[in-house]
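Every heavy atom of this structure was used, including side-chain atoms; hydrogens, water molecules and symmetry mates were not. Note on naming: letters A, B, ... go to the chains in the order of the sequence lines (proteins, then strands), and numbering restarts at 1 for each one.
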Amino acid sequence: MTSTRIPPASATPATAGRAAIAARTLRTDRWWLQPAVTFAVLFAFVVYSTVRAFSNAAYFVPAYDYISPFYSPCLAANCADGASHLGQPLGNLGIISPALLILIVPLGFRLTCYYYRKAYYRAFWLSPPACAVAEPHAKYSGETRFPLILQNLHRYFFYLGLVLNVILTYDAFIAFKGKDGGIGLGIGTLVLLGNATLLWLYSLSCHSCRHAVGGRLKHFSAHPVRYRLWTWVSRLNGHHMKFAWVSLIWVALADLYVSLVASGTLTDLRIVN
Amino acid sequence: MGYQARFRVWRGDDTGGDLADFTVEVNEGEVVLDIVHRIQATQAPDLAVRWNCKAGKCGSCSAEINGRPRLLCMTRMSTFGESEVVTVTPLRTFPVVRDLVTDVSFNYVKAREMPAFAPPPGLAPGEYRMQQVDVERSQEFRKCIECFLCQNTCHVVRDHEENKEEFAGPRYFIRAAELDMHPLDARDDRREYAQAEQGLGLCNITKCCTEVCPEHIKITDNAIIPMKERVVDRRYDPLVWLGNKIGRRG
């Protein structure tokens with residue numbers, strides 16, 4: 001047996017009577033991998049979506065009514081011809097991309113999402129980078145102060161997100177348009193349908209949704225229908241992280257696909273008409 | 001087939017200490033607590049370790065194994081490679097008493113501060129009647145064995161000693177949720193208490209408490225987030241506030 005005694009002053013953080021262990025963590029597994037991957041994927045998405053949101057081009061395919069989820073609903077007069085299914089109440093925004101106004105909703109919804117909070121607090125803010133790995137910050141006030149107290153707005157973004165989901169579902173159905181104007185089916189249709197489905201799964205598995213449908217009740221027995229809804233949403237909620245990632249990646253791929261077809265880089269593969 | 005494992009065990013007290021190296025026999029089916037006991041029996045008779053049931057139900061033998069908060073009695077040696085050095089240290093968040101034993105009285109202080117179950121008026125003990133669907137959520141939280149691994153791993157106090165006064169920790173958030181969801185608890189200020197007195201807002205839901213819970217209680221998803229949502233109902237949601245004013249809920 002060998003040992004070298006370390007006085008408690010070397011322990012971090014400065015604490016009253018804690019064991020004097022100088023190492024930031026004694027974890028021997030690859031604890032850094034998960035935050036690193038999270039950082040890389042989220043950062044890539046932020047860069048891609050920012051570029052696409054500002055590009056204000058190649059987001060609508062009139063032949064098949066494919067519209068990118070980043071630009072739907074397109075509510076400005078400077079939207080591409082035929083892309084404004086809900087009219088153009090915002091008038092001409094000039095050089096401002098119509099996507100910027102719409103993306104506030106999904107951005108707010110994902111930014112305040114209970115799962116993403118865990119992901120970016122760990123990966124971007126290192127608070128903490130992983131369990132039992134010391135964070136680098138000297139002070140910590142959590143979600144008690146501005147701006148993080150605004151995380152409590154999550155449910156409002158959830159409600160707005162549901163409206164957006166209805167619109168994106170409509171977009172998926174009008175994408176069943178053939179070359180001659182009748183019914184058709186292309187890869188783009190399936191991509192948009194998959195996008196709408198995943199966004200519904202992500203939204204309905206949300207913790208705020210779980211709370212709204214029944215979680216806030218004290219007596220389930222007095223509300224059997226809401227209890228049933230709560231059990232369904234709870235089941236989905238167990239997969240919330242999975243839906244968060246898959247829907248995020250899919251929405252970017254859906255936008256990419258529409259942009260490639262709209263710009264003529266790719267020809268939409270038609271299955272029917 | 002047994003083998004000789006290399007162990008590093010933190011030894012010391014509140015005046016200082018360090019990792020001590022041991023080479024010790026490991027046999028098939030053993031857990032880390034068995035090895036610590038073997039070190040105690042053969043090489044370091046004064047090694048202090050707290051333990052009791054050896055079945056993962058008393059919550060006594062909480063420590064950190066290779067930097068991860070675990071129960072010594074529930075960590076199988078077969079999860080480590082034979083050449084791997086196993087490092088055992090005391091819980092970092094609490095004051096050390098000696099070697100692997102820490103003073104967890106912080107948790108008992110927080111427990112005492114928590115308002116107890118308030119019986120409904122007009123019902124005597126023995127007259128309580130509840131339906132199973134109404135108590136299921138609270139029952140999950142009753143599985144807690146009070147090992148305090150969640151309290152230990154929570155960075156709010158682990159990395160910020162100064163937060164200990166205003167932060168009760170995940171173990172007491174599940175207690176708050178248990179009582180707020182309890183069909184017969186008569187108090188209606190559990191949410192205000194959770195926010196104002198327990199420091200619920202300090203939690204940034206990074207889920208480490210859930211990751212380390214040996215009872216697999218979904219602390220974050222089933223207790224902390226629902227409590228945060230309930231606080232939003234009371235404090236930040238005018239629609240729910242209005243609903244409560246004009247109609248009966250829950």
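Between chain B and the options A:N152, A:T28, A:I149, the largest number of non-hydrogen pairs under 4.5 Å is found for A:N152. Interface remark: of the candidates A:D29, A:T25, A:V133, A:D29 forms the most heavy-atom pairs closer than 4.5 Å to chain B. Options B:I65, B:L91, B:T89, B:D99 differ in how many heavy-atom pairs under 4.5 Å they form with chain A, and the most are formed by B:T89. Top candidate by heavy-atom pairs under 4.5 Å with chain B, chosen from A:R117, A:H211, A:R122, is A:H211.
Under a 3.5 Å cut-off, the side chain of A:K218 and the backbone N or O of B:H182 do form a donor-acceptor pair. The backbone N or O of B:L202 lies less than 3.5 Å from a partner atom in the side chain of A:Y140, making a donor-acceptor pair.
For A:A138, the part sitting under 4.5 Å from any heavy atom of chain B is the backbone (N, CA, C, O) and nothing else.
Separating the NE2 atom in B:H155 from the SG atom in A:C131 is a distance of 9.0 Å, to the nearest 0.5 Å. Separating the CG atom in A:N237 from the NZ atom in B:K218 is a distance of 10.0 Å, to the nearest 0.5 Å.
Applying the side chain to side chain contact (heavy atoms under 4.5 Å, CB included) test between A:H207 and each of B:I205, B:I225, B:T220 identifies B:I225 as the sole match.
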Review point. What do the steps show when you test B:D221 against A:Y114 for side chain to side chain donor-acceptor pair (under 3.5 Å), and what is the final call?
Key: CA-CA 9 Å; B:D221 287 321; A:Y114 285 101; over 6 Å; no
Practice item. Just do the side-chain contact (heavy atoms from CB on, under 4.5 Å) check on B:R158 and A:E135 with the steps written out, would you? Key: CA-CA 10 Å; B:R158 184 183 177 95; A:E135 61 176 61; over 6 Å; no
Review point. A:S127 and B:N204: side-chain contact (heavy atoms from CB on, under 4.5 Å), yes or no, with the steps?
Key: CA-CA 9 Å; A:S127 180; B:N204 68 344; 3.7 Å; yes
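Between B:E229 and A:R210, every side-chain heavy-atom pair lies at or beyond the 4.5 Å cut-off.
Side-chain contact annotation: B:Y236 with A:Q151, donor-acceptor N/O pair under 3.5 Å absent.
Using a cut-off of 4.0 Å between Lys/Arg side-chain N and Asp/Glu carboxylate O, A:E143 and B:K228 are scored as salt-bridged.
Relative to the ring axis of A:W31, B:R68 does not place its NZ or CZ within 45° and under 6.0 Å from the centre.
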